[in-house]
Enquirer: 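The structure is given below, and queries will be raised subsequently.
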Amino acid sequence: LMIRPPPRSTLSSSSAASDVYKRQVSIGDETKWIAIGSLHNWYSSAGCEIEVGRRHLIPDQQDGLRWPAQFKYQDSQAAKALWIGARNYYDPIKDQTFNYKVVHVGPRHFDEDNEFMPVEFKLIGRFDSPNVYVDGLPACNTDFMDIVDEVDPTLKADRMLYNVVNTSIGITITRKIYAFSQQHHDNYFVYEYVFKNTGIFNKDGNKKEQTLEDVVFFFQYRYAPSREGGPYGYYFCPQNTSWGRNTMNDVIGEDPAAGDPFRAMFSWHGKHSGWQGPGDAIGAPDFTTDGRITAQQFVGMVTIHADKAANDKNDDVYQPSTTYYYDSDGPTSSGNDQFNEAKMAAEYEIMTRGHAELSHAEAVGDGNANEFGDTPGGYSQAQGFGPYTLAPGDSIHIVVAEAVAGINRSLCYSIGDKWLNGSSPFELPDGSTTSNANEYKNAWVFTGKDSILQTFQRAVDNYHSDFNIPQAPPPPDQFDVISGGDRIILSWSKTAESWPGFAGYRLFRAIHTPDTTFNEIFACGLGTSHPNIVNSFDDTSAVRGFDYYYYVVTFDDGSNNNSPVNPTGSLQSNLFLTRTNEPAYLKRQPGERLADIRVVPNPFNINARDLQYGVSAPDRIMFLEIPPQCHIKIFTERGDLIYEIEHNDGSGDEAWNSITTSRQVVVSGVYIAYFEVTEDYHDPATGRLIYRKGDNTFRKFAIVR
């Protein structure tokens with residue numbers, strides 16, 4: 001496999017770019033998600049996550065590092081790269097010594113047969129994903145975003161992704177990625193790399209033992225906060241945010257004597273010359289509707305440890321030795337070739353460039369990010385570790401953490417609304433006030449810098465504590481949601497109740513869609529209005545015709561949370577472990593006679609769609625008081641059959657979302673619904689025959705679109 005996409009100008013501007021890209025790609029690498037906390041990301045068995053590397057589709061240029069992952073379009077990742085370089089390298093493949101040898105995965109290049117060759121890739125969990133069902137169907141994102149290959153109850157992290165990759169430069173990479181669901185540590189991942197000179201240089205496992213000189217491990221991070229404000233999100237923000245044109249990149253800790261708390265780099269959404277709204281583009285507020293902040297994310301990496309040398313495992317505070325911003329569309333961003341010595345020499349120079357006099361953010365200053373430099377794609381962060389000498393069997397250990405943080409979703413709405421519609425005085429984060437709405441917005445958005453630095457500190461402390469952070473109680477290992485006639489019935493297992501300090505459960509609900517804000521509807525246990533522990537709850541406040549989503553969490557009494565690594569207070573299991581992604585809704589009892597069948601709404605009027613069944617089902621039409629087992633056919637007025645439904649759940653409700661069998665939305669007109677009973681039905685109480693198989697009737701209804 002070899003990926004060599006078209007130039008960025010082609011990808012960004014041509015409608016045919018996706019087809020061109022698909023023709024050039026035949027991918028065999030495996031991908032897995034880590035999605036148990038508020039930060040979700042996908043990973044590749046290749047050892048790094050290249051641009052459009054998960055599904056290999058152009059619309060995925062912003063794909064991954066989703067935070068807060070509860071909501072849509074929160075992706076901040078555009079591309080990454082991992083290059084390994086050395087000098088005076090004898091290449092056994094070519095039987096040639098190269099002055100500079102560089103092997104690559106990313107930002108667009110990946111050759112899994114000849115360059116970065118996956119060996120092992122598995123997800124290990126401290127516990128498995130809970131079983132979550134709605135009306136008997138699997139109904140949780142963990143069904144496809146948290147597929148645990150092995151369970152190890154002794155694992156200190158909640159998840160560890162284990163990845164081994166051989167490279168054609170003779171170095172084997174072992175990558176371990178740790179994730180946590182505890183609420184104070186669920187927005188970062190810890191990456192532990194061991195780079196070992198095994199001499200393995202091809203897919204067959206052939207070896208060539210040699211000492212590698214001036215080895216450099218070089219990482220690129222193309223961040224693009226965030227997809228919600230970009231052209232693949234809601235389309236109101238200036239162009240090109242999806243591949244990082246707006247991105248500002250800053251670095252701290254290059255000089256150990258400067259007193260910075262750690263070595264880190266982080267990025268955020270900067271200004272753009274094409275901004276059409278009031279003020280500026282900081283935070284990418286949606287000025288077209290409600291003003292909400294759509295790019296509150298600060299995203300970046302912190303270095304936790306880097307060996308001084310193969311024979312000195314102490315942390316080298318002068319690593320990374322290179323921290324530079326890198327033209328995301330520069331000549332070395334694509335067309336990488338491990339046998340092109342001129343290109344590898346240019347790449348090695350970038351990898352060993354050292355530290356910029358000014359970071360990218362300092363160089364841009366108060367200007368527009370898109371007007372800095374002669375590039376259509378913005379700038380990436382880059383850091384290089386080394387140079388190291390690696391004799392056969394030697395290894396280098398590097399540990400970094402990647403995090404995303406910023407103001408919470410509630411503040412995104414309230415700050416944005418006041419920025420767009422409010423009047424002074426505007427209260428700043430420090431308690432002072434200003435009459436300038438833009439100053440107010442920006443001050444709150446930039447508190448995200450404090451948030452990500454705090455997150456970095458937690459990641460560093462967690463690693464140095466050997467991951468001994470306090471653990472929240474595990475979630476129930478089963479959560480069931482059942483749609484009923486007058487209530488939605490929820491129940492969960494007792495498996496968490498033996499956990500030390502276990503104190504109770506909290507139950508949350510959302511209406512219309514699962515990627516929105518949930519509200520607590522019930523709690524039991526310590527400090528709640530229902531102190532007795534129970535394992536079920538009937539939601540009798542649900543309204544017929546609306547979709548409902550739920551999750552249940554466990555919480556403790558705070559007695560386990562006595563570590564300096566963690567804030568004090570009660571800990572609770574993570575919402576993503578039990579959050580349902582299939583709707584539950586009220587179902588009527590079966591009707592008692594065919595004459596009672598109703599079509600609601602009738603007529604259906606598109607201008608009233610939000611008043612009918614809401615944003616979750618704007619095209620929904622309900623058939624009510626129907627038999628428990630029946631076949632429904634929908635015809636046009638002239639008799640064309642356009643849709644059929646087998647109703648067999650025993651309820652008196654059935655929904656139709658105004659589509660034909662060919663997935664087309666129906667047009668305005670008069671329609672006929674035909675109902676035919678498919679099974680005899682007797683009254684459960686009296687045994688009286690209510691419906692006989694073959695009984696039938698029809699109803700006319702109108703649609704106005």
Side-chain angles (χ1 to χ4, degrees), residues 5-13 17 41 48-54 58-67 73-81 106-108 219-235 237-251 265-275 280-284 294-301 323-334 350 356 359-364 367-383 402-404 406 445 448 452:
R8 165 59 56 197
S9 58
T10 304
L11 293 179
S12 303
S13 61
N41 199 30
C48 188
E49 291 60 58
I50 70 171
E51 185 179 75
V52 296
R54 180 171 63 92
I58 292 300
D60 288 344
Q61 283 177 306
Q62 246 170 320
D63 183 35
L65 289 181
R66 297 174 180 174
W67 182 92
Y73 304 127
Q74 302 304 304
D75 306 71
S76 292
Q77 176 175 281
K80 292 178 182 173
R108 298 176 184 137
F219 299 85
Q220 299 171 40
Y221 310 99
R222 188 176 192 174
Y223 294 131
S226 81
R227 185 169 183 166
E228 184 175 7
Y232 301 132
Y234 288 123
Y235 294 90
C237 212
Q239 60 186 4
N240 296 0
T241 58
S242 70
W243 48 81
R245 191 69 172 106
N246 287 63
T247 301
M248 300 278 280
N249 304 290
D250 210 350
V251 182
M265 48 181 56
F266 52 91
S267 306
W268 68 92
H269 187 288
K271 297 178 181 178
H272 193 286
S273 61
W275 179 249
D280 58 40
I282 297 296
T294 70
Q296 79 275 29
Q297 294 89 349
F298 279 67
V299 52
M301 303 288 298
T323 55
Y324 229 93
Y325 54 95
Y326 170 78
D327 180 354
S328 298
D329 283 350
T332 59
S333 67
S334 59
I350 293 172
S359 71
H360 173 248
E362 291 170 333
V364 175
N368 296 310
N370 67 299
E371 294 180 323
F372 178 82
D374 184 21
T375 175
Y379 288 84
S380 302
Q381 297 272 31
Q383 59 180 356
E402 185 170 40
V404 188
V445 170
I452 197 168

Enquirer: In terms of relative ring orientation, are F372 and H360 parallel, tilted or perpendicular, with 30° and 60° separating the classes?
Expert: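 Perpendicular, since the angle between the ring planes exceeds 60°.
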
Enquirer: I need the R227 CZ to Y73 OH distance, nearest 0.5 Å.
Expert: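 It is 7.0 Å, given to the nearest 0.5 Å.
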
Enquirer: Would you check, one step at a time, whether the test side-chain contact (heavy atoms from CB on, under 4.5 Å) holds for M301 with Q381?
Expert: CA-CA 10 Å; M301 303 288 298; Q381 297 272 31; over 6 Å; no

Enquirer: Are the side chains of P107 and R222 in contact, using a 4.5 Å heavy-atom criterion?
Expert: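 No, every pair of side-chain atoms sits at 4.5 Å or beyond.
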
Enquirer: Under the rule for side chain to side chain donor-acceptor pair (under 3.5 Å), what residues qualify as partners of Q220, not counting sequence neighbours?
Expert: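 Counting only residues at least two positions away or on another chain, Q220 forms no side chain to side chain donor-acceptor pair (under 3.5 Å).
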
Enquirer: With sequence neighbours left out, write down each residue that passes side-chain contact (heavy atoms from CB on, under 4.5 Å) with T323, or none if nothing qualifies.
Expert: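 T323 satisfies side-chain contact (heavy atoms from CB on, under 4.5 Å) with V251, E254, M265, P320, H355, Q383 once adjacent residues are dropped.
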
Enquirer: Hey, does W268 have a side-chain heavy atom less than 4.5 Å from the side chain of D250?
Expert: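 A side-chain contact under 4.5 Å exists here.
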
Enquirer: Which residues satisfy the ring-ring contact (aromatic ring centres under 6.0 Å, His included) test with Y221, sequence neighbours excluded?
Expert: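 Y223.
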
Enquirer: Using the rule given for salt bridge (Lys or Arg N to Asp or Glu O under 4.0 Å), can you reason through R108 versus D329, listing the C-alpha separation, both sets of side-chain angles and the distance that settles it, and then say yes or no?
Expert: CA-CA 10 Å; R108 298 176 184 137; D329 283 350; 2.9 Å; yes

Enquirer: Roughly how far, to the nearest 0.5 Å, is CD of E362 from CE of M248?
Expert: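 If we round to the nearest 0.5 Å, M248:CE and E362:CD are 10.0 Å apart.
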
Enquirer: P225 and T247: which non-hydrogen atoms are nearest, and at how many Å?
Expert: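 So the minimum-distance heavy-atom pair works out to CD-OG1, 3.9 Å.
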
Enquirer: Measuring only between side-chain heavy atoms, which start at C-beta, is H269 closer than 4.5 Å to V299?
Expert: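 H269 does not reach V299 side chain to side chain.
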
Enquirer: Determine, stepwise, if the pair F298 / V404 fulfils side-chain contact (heavy atoms from CB on, under 4.5 Å).
Expert: CA-CA 6 Å; F298 279 67; V404 188; over 6 Å; no

Enquirer: I'd like to know if the side chain of S226 reaches the main chain of T294, judged simply by a donor and an acceptor atom lying under 3.5 Å from each other, with no hydrogens or angles considered.
Expert: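 Yes.
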
Enquirer: What pairs with S76 under side chain to side chain donor-acceptor pair (under 3.5 Å), at least two apart in sequence or on another chain?
Expert: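 Checked S76 against side chain to side chain donor-acceptor pair (under 3.5 Å); zero matches.
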
Enquirer: Go through the steps for Y326 and S333 under the test side chain to side chain donor-acceptor pair (under 3.5 Å), then give the verdict.
Expert: CA-CA 9 Å; Y326 170 78; S333 67; 5.1 Å; no

Enquirer: Between the side chain of Q62 and the main-chain N/O of A224, is any donor-acceptor distance below 3.5 Å?
Expert: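 Yes; at least one donor-acceptor contact below 3.5 Å.
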
Enquirer: Taking atom CD of Q74 and atom CG of L65, what is their separation to the nearest 0.5 Å?
Expert: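 Those atoms lie 12.5 Å apart.
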
Enquirer: Just jot down the side-chain contact (heavy atoms from CB on, under 4.5 Å) partners of A356, sequence neighbours excluded, or say none.
Expert: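 Y324, Y325.
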
Enquirer: Just jot down the side-chain contact (heavy atoms from CB on, under 4.5 Å) partners of N368, sequence neighbours excluded, or say none.
Expert: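 Only K271, S273, N370, E371 meet the side-chain contact (heavy atoms from CB on, under 4.5 Å) criterion with N368.
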
Enquirer: Rounded to the nearest 0.5 Å, how far apart are CG of D60 and CD of E51?
Expert: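 Interatomic distance, D60 CG to E51 CD, rounded to 0.5 Å: 10.5 Å.
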
Enquirer: Could you tell me which residues satisfy side-chain contact (heavy atoms from CB on, under 4.5 Å) with A403, sequence neighbours excluded, listed by chain and number?
Expert: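 With sequence neighbours excluded, A403 shows a side-chain contact (heavy atoms from CB on, under 4.5 Å) to Y188, I452, T455, F456, given in chain and number order.
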
Enquirer: Under the side chain to side chain donor-acceptor pair (under 3.5 Å) test, which residues partner D63, sequence neighbours left out?
Expert: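 Expected list: W42, R54, R66.
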
